[in-house]
Amino acid sequence: MDHSTHEHVEHSGHPGHTAQSGQSGQSGQSGQAGHAAHRPPATWAAAAQATLHCLTGCAIGEVLGMIIGTAFGLHGAITVVLSVALAFVFGYALTMRGVLRAGVPWRTALKVALAADTVSIAVMEILDNFVMVTVPGAMDAGLGDALFWGSLAGSLVVAFAVTTPVNKWMIGRGKGHAVVHAYHH
């Protein structure tokens, strides 16, 4: 975890919240400049931290979807759709939890989560489901089968490895987890 970046935001207040709420008394332009000045650095550590955050929600949803699909003998396509839907739900929920703790209204927290996580979750879901579908027998393996769990674990590793550079690029442009960074305590 990149504590220096995290502490910087803690001590600087909530510039993103002030600029977005319009209650600061500053013009929108100066509020946006303040927000950009408090953007987290686009380091590999920051990108890895953002990716791990997204991966946590994705993994919960993905694993749950795969378990449900496998346990009920659902068709592979239905299992993938269920896994993707749950990955987005859990990914957004984890981000919203932290933003809501900062005192942000629910609707705003949802917008922040959508802005912060959509691209990251989408990239992860494309990758990990691609791996699961292409590993022979993985989608048909049972919950007690090492092939199922090995393929699922491998798919999440691939998703992390490819999504980290995507998140680094996005953070460097003030997008993705840079959006949610101002709300973390």
Side-chain angles (χ1 to χ4, degrees), residues 1-24 26 28 31-66 82-128 153 155-157 159-185:
M1 181 171 182
D2 186 4
H3 293 289
S4 62
T5 303
H6 188 66
E7 290 170 3
H8 176 73
V9 171
E10 282 182 25
H11 299 299
S12 65
H14 300 288
H17 183 67
T18 305
Q20 288 181 359
S21 67
Q23 297 172 0
S24 68
Q26 298 174 344
Q32 290 171 355
H35 183 67
H38 292 77
R39 179 183 305 156
T43 63
W44 284 107
Q49 181 182 1
T51 306
L52 281 173
H53 180 267
C54 262
L55 185 65
T56 301
C58 283
I60 292 168
E62 187 74 26
V63 170
L64 185 58
M66 290 291 173
L82 177 62
S83 294
V84 169
L86 290 173
F88 275 94
V89 167
F90 281 95
Y92 291 146
L94 287 180
T95 295
M96 286 182 65
R97 188 184 90 203
V99 175
L100 288 168
R101 268 197 244 139
V104 175
W106 194 90
R107 187 180 203 91
T108 302
L110 178 60
K111 290 178 184 177
V112 169
L114 292 171
D117 291 339
T118 300
V119 171
S120 183
I121 294 171
V123 170
M124 284 185 188
E125 287 307 298
I126 290 167
L127 293 166
D128 65 30
S155 73
L156 295 172
V157 169
F160 176 82
V162 176
T163 307
T164 299
V166 172
N167 281 331
K168 184 178 186 302
W169 180 83
M170 289 177 58
I171 290 168
R173 280 142 190 82
K175 306 223 182 285
H177 271 259
V179 174
V180 76
H181 190 79
Y183 298 97
H184 282 189
H185 289 262

Spacing of Ile121 atom CD1 and Phe90 atom CZ [to the nearest 0.5 Å]: 12.0 Å
Nearest-0.5 Å distance that lies between atom OG1 in Thr164 and atom CE in Met124: 6.5 Å
Atom pair CG/CG of Leu64 and Leu86 - distance to nearest 0.5 Å: 5.5 Å
Ser155: side-chain hydrogen bond (donor to acceptor under 3.5 Å, both in side chains) partners, not counting sequence neighbours: none
Can I get a per-line list of side-chain donor-acceptor pairs under 3.5 Å for residues 54-62, giving both atom names and the distance, sequence neighbours left out?
| from | atom 1 | to | atom 2 | distance (Å) |
| --- | --- | --- | --- | --- |
| Thr56 | OG1 | Leu52 | O | 2.8 |

Min side-chain heavy-atom separation Gln49-His53 under 4.5 Å: no
Closest approach of Ala159 to Asp128 (non-hydrogen atoms, all atoms of both residues): CB-CB, 4.3 Å
Check: Met66 main-chain N/O paired with Ser83 side-chain donor or acceptor under 3.5 Å: yes
Nearest atoms (heavy-atom pairs only) where Asn167 meets Ser120: ND2-OG, 3.2 Å
Ile171 side, atom CD1; Thr51 side, atom OG1 - distance, nearest 0.5 Å: 7.0 Å
Derivation and outcome, side chain to side chain contact (heavy atoms under 4.5 Å, CB included), residues Thr43 and Lys168: CA-CA 7 Å; Thr43 63; Lys168 184 178 186 302; 5.9 Å; no
Qualifying residues under ring pair (Phe, Tyr, Trp, His ring centres under 6.0 Å), relative to Tyr92, sequence neighbours excluded: Phe88
Smallest separation among heavy atoms of His177 and Thr95, with atom names: CE1-OG1, 4.4 Å
Closest contact, heavy atoms only, Ala109 versus Leu100: CB-CD2, 3.6 Å
